[in-house]
Amino acid sequence: MTLHIYNTLTREKEVFKPINPENVGMYVCGPTVYDFAHIGNARPVIVFDVLYRLLKTLYPKVTYVRNITDVDDKINAKARETGEDIRTITERTAAMFHQDMAALNAGNPDIEPRATEHIAEMIDMIERLIENGNAYEADGHVLFNVPSMPNYGALSRRNMDDMIAGARVEVASYKKDPADFVLWKPSDEDTPGWDSPWGRGRPGWHIECSAMSRKYLGDTFDIHGGGHDLVFPHHENEIAQSCCANKTDKYATYWMHNGHLMVEGEKMSKSLGNFFTVHELLEEVPGEALRFYMLSAQYRSPFDFTKEGVREAKATLDRFYTALRQHADIEADDVAAPDHFVAALKDDLNTPLAISILHELLSAFNKAPSPQTKGHLLACADILGILQQDVEGWFTQNTAADATEVDADQIMGMIEERKNAKANKDFATADKIRDDLDAMGIVLEDGPGGTTWKLK
RNA sequence: GGCGCGGUGGUAGAGUGGUUAUGCAGCGGAUUGCAAAUCCGUGAACAGCGGUUCGAAUCCGCUCCGCGCCUCCA
């Protein structure tokens with residue numbers, strides 16, 4: 001089984017053929033750093049983290065680039081609101097983003113370029129677009145001229161004439177064509193800006209990804225990912241900018257888009273108040289459970305995020321960790337993940353199928369605990385980025401909030417008391433102790449090796 | 001209006017032109033002082049209507065329903 005990827009460009013699952021098998025290039029649209037990451041922002045981070053892990057098992061080198069958008073009008077608006085410098089906001093937010101994503105066990109990409117550190121590259125690209133006749137200056141702005149690109153609309157399969165007929169936004173008077181979009185726009189005195197051949201201003205939304213992907217991955221590269229909503233206009237415009245500036249037919253070979261999240265069956269939105277940040281969820285559930293939960297659906301499907309679903313995901317991970325705990329003395333073999341597991345992931349990241357195989361491997365491990373069955377289980381889990389943390393830690397400290405509330409010594413003392421009561425056949429006392437612990441949120445399990453405890 | 005996606009058992013969620021998905025929940029059993037954990041067994045589905053086919057939940061068409069995007073939202 002070779003790696004297959006669903007390509008938005010062709011709307012088909014295709015065999016993955018890297019441009020250079022020695023170094024696979026992957027670019028994913030990262031966060032705009034002006035507020036806490038919400039659970040929807042976490043989906044592409046997790047999905048592409050799994051893809052990155054999978055690719056690294058298949059190719060000697062993978063270069064994963066994910067940008068940080070630190071110049072944007074939402075950031076500017078926040079700065080006006082709080083009176084802070086945009087740099088203060090973006091630095092703080094980026095740090096929180098990294099912290100939250102680390103809790104989801106999503107590693108950092110190889111390169112994480114920031115827009116503000118690549119203004120020169122963007123200006124250079126805009127200049128080339130003007131030279132090539134694809135962009136023009138008007139009223140202090142520089143605009144990309146959409147009709148100058150014959151293939152425009154190929155990714156999103158849009159016809160510009162139809163779109164304009166149904167457009168719901170007024171067209172700025174300085175545009176030559178209603179579909180033209182901004183590459184550079186002027187900044188007033190109160191707005192962050194950079195000197196450019198067109199005066200002091202700031203970049204449009206799309207140009208940063210074109211400029212930065214080129215710098216780190218070249219004119220054409222293998223995979224470009226992001227949320228489904230970015231297909232149009234963001235990715236369509238990136239293609240236009242990059243192909244026209246670099247004079248190539250091809251920008252990214254494979255376009256991957258993750259589906260959006262809903263919350264409790266409703267579209268997630270601030271006005272509905274059903275907006276979870278990763279940060280607040282981590283107060284009540286381990287990041288690993290959020291990660292595992294997200295992977296329970298195929299990445300392209302819409303995902304209905306529910307608290308009940310989170311709870312179930314956590315309970316499922318408890319099962320896995322329980323098995324690992326009961327057989328903690330067995331040292332896992334250093335084996336490769338079984339083929340049928342890897343094959344599931346190679347089929348356009350079929351994580352639900354992969355997880356079903358993980359359940360089979362768990363069952364096999366429970367029935368016949370051995371270095372090999374444990375090794376298989378852990379090898380698969382490693383690719384998904386789960387079951388890697390300390391087993392005792394999983395049961396005794398599920399969230400940051402738990403750490404301060406539990407007194408392990410006290411619990412061990414009560415377990416000892418109960419053991420003595422049981423030895424004396426005083427089951428009433430033994431059960432009373434168990435009930436008391438239960439009321440504290442502690443669950444006991446009597447096993448062959450003694451009694452263990454865990455947080456509910 | 002344009003473009004696109006989806007409707008699977010109580011629930012979450014894969015897959016396949018004819019053969020058990022898997023998890024959770026349910027039911028029965030083993031084990032346990034009782035539990036927990038684990039193991040064994042078990043019922044239950046493919047939105048509707050046509051068509052292609054020896055055979056379709058799986059391919060095609062239509063209908064109904066739900067959802068997304070349409071200039072700065074992952």
Side-chain angles (χ1 to χ4, degrees), chain A residues 8 11 28-32 37-48 69 72-74 144 146 153 156-172 175 178-182 185 203-206 225-234 236-237 257-262 265-270 293 296-298 300-304 306 308-309 311-313 315-316 318-319 322-323 325-326 344 347 350-360 362-363 365-367 369 422 425-428 430-431 434-435 438 443-448 451-454:
Chain A
T8 306
R11 307 287 154 95
V28 176
C29 289
T32 300
H38 58 66
I39 190 66
N41 298 118
R43 193 176 195 193
V45 172
I46 292 167
V47 163
F48 290 106
T69 299
D72 175 276
D73 283 348
K74 284 194 295 295
F144 184 93
V146 167
S156 56
R157 310 213 167 172
R158 276 159 210 270
N159 172 305
M160 280 303 113
D161 296 336
D162 291 343
M163 286 201 32
I164 287 147
R168 40 178 195 192
V169 173
E170 269 185 63
V171 177
K175 287 188 180 181
D180 292 353
F181 59 90
V182 170
K185 55 188 166 185
W205 176 32
H206 318 296
H228 182 247
D229 57 323
L230 297 180
V231 174
F232 189 90
H234 184 54
E236 196 73 73
N237 291 352
H257 295 97
N258 62 273
H260 267 205
L261 253 65
M262 315 230 292
E266 287 186 309
K267 183 180 170 161
M268 188 171 74
S269 75
K270 284 185 174 168
Y293 182 35
S296 70
Q298 211 271 347
R300 284 189 280 122
S301 312
F303 187 94
D304 188 15
T306 65
E308 175 59 16
R311 196 200 57 70
E312 270 186 34
T316 304
D318 280 342
R319 284 188 67 217
T322 297
R325 184 189 219 185
Q326 283 180 343
D347 184 12
N350 191 339
T351 52
L353 184 59
I355 288 171
S356 81
I357 293 165
L358 209 61
H359 278 113
E360 289 170 13
L362 170 67
S363 182
F365 176 52
N366 273 326
K367 274 183 267 190
K422 278 179 29 169
K425 304 273 185 216
D426 181 3
F427 298 119
D431 289 349
R434 187 167 63 195
D435 290 346
D438 187 78
V443 181
L444 298 187
E445 284 174 24
D446 296 337
T451 300
T452 57
W453 63 275
K454 66 179 182 184

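Residue numbers begin at 1 in each chain, while the letters A, B, ... track the order of the sequences.
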State whether the side chain of A:N350 and the backbone N or O of A:A344 hold a donor-acceptor pair below 3.5 Å, judged by distance alone.
no
Reckon A:N237 touches a base, only the sugar-phosphate, or nothing at all at heavy-atom distances under 4.0 Å?
nothing
Complementary nucleotide of B:C64, counting Watson-Crick and G-U pairs under 3.5 Å:
B:G7
Could you give the distance from CG (A:N258) to CZ (A:F303), rounded to the nearest 0.5 Å?
12.0 Å
Using a heavy-atom cut-off of under 4.0 Å over every strand shown, decide if A:G204 touches base, sugar-phosphate, or nothing.
nothing
Counting distance alone, no hydrogens or angles: does the base of B:G68 have a donor or acceptor under 3.5 Å from a partner atom on the side chain of A:D229?
no
Which is true for A:H206 with a 4.0 Å heavy-atom rule: it touches a base, it touches only sugar-phosphate, or it touches nothing?
nothing
P atoms of B:C34 and B:G13, separation to the nearest Å:
39 Å
Among B:C72, B:G2, B:A74, the one nearest A:V182 by side-chain distance
B:C72
From the candidates B:U71, B:C34, B:G68, the one with an atom nearest any side-chain atom of A:F181 is B:U71
Using a cut-off of 4.0 Å on non-hydrogen atoms, how would the nucleic acid contact of A:T452 be classed: base, sugar-phosphate, or nothing?
nothing
Give one of base, sugar-phosphate or nothing for A:K425, where a contact means two heavy atoms less than 4.0 Å apart.
nothing
Taking for each residue the nucleotide of RNA chain B bearing the nearest heavy atom, is the 5' side occupied by A:R434 or by A:R157?
A:R157
State whether the number of non-hydrogen atoms from other residues, nucleotides or ligands found under 6.0 Å of A:H228 atom NE2 is greater than 12.
no
If we take the P atom in both B:U32 and B:A25, what is their distance in whole Å?
23 Å
Among B:G23, B:G68, B:A21, find the nucleotide with the atom closest to the side chain of A:E312.
B:G23
Can you identify which nucleotide, out of B:A14, B:G68, B:G23, has its nearest atom closest to the A:Q298 side chain?
B:A14
Is the side chain of A:D446 donor-acceptor paired with the backbone N or O of A:T451 at a distance under 3.5 Å, no angle test?
no
Closest nucleotide among B:A74, B:G23, B:G33 to the A:T32 side chain:
B:A74
Side chain of A:K185 only, please: which of B:C72, B:C3, B:A14 is the nearest?
B:C72
Can you check the distance between B:G50 and B:A44, where both ends of the measurement are the C1' atom (answer in whole Å)?
28 Å
Polar atom pairs (N or O), protein with nucleotides 36-39 of chain B, under 3.5 Å:
{"residue": "B:A36", "atom": "N1", "partner": "A:D446", "partner atom": "O", "Å": "3.2"}
{"residue": "B:A37", "atom": "O2'", "partner": "A:Q326", "partner atom": "NE2", "Å": "3.2"}
{"residue": "B:U38", "atom": "OP1", "partner": "A:R319", "partner atom": "NE", "Å": "3.2"}
{"residue": "B:U38", "atom": "O3'", "partner": "A:N366", "partner atom": "ND2", "Å": "3.3"}

Does A:Y293 reach the main-chain N or O of A:T306 with its side chain, forming a donor-acceptor pair under 3.5 Å?
yes
On RNA chain B, more 5' by nearest nucleotide between A:R300 and A:T316 is A:R300
Can you figure out which of B:G13, B:C3, B:A74 approaches the side chain of A:P352 most closely?
B:G13
Considering every strand and a 4.0 Å limit on heavy-atom distances, what is the contact class for A:I357: base, sugar-phosphate, or nothing?
nothing
Watson-Crick or G-U counterpart of B:C54, or none if no pair lies under 3.5 Å:
B:G18
Nucleotide nearest A:H260 (side chain, heavy atoms from C-beta), chosen from B:C72, B:A74, B:G13
B:A74
Determine whether a donor-acceptor pair (N or O, by modelled atom type, separation under 3.5 Å) exists between the side chain of A:T322 and the backbone of A:D318.
yes
Checking contacts here: which listed nucleotide (B:C70, B:A14, B:A35) is nearest the side-chain heavy atoms of A:R158?
B:C70
Which whole number of Å gives the distance between the P atom of B:A47 and that of B:G10?
13 Å
Taking the C1' atom of each, how far is B:C54 from B:U20, in whole Å?
25 Å
Select base, sugar-phosphate, or nothing to describe what A:R43 touches, counting heavy atoms under 4.0 Å on all strands.
nothing
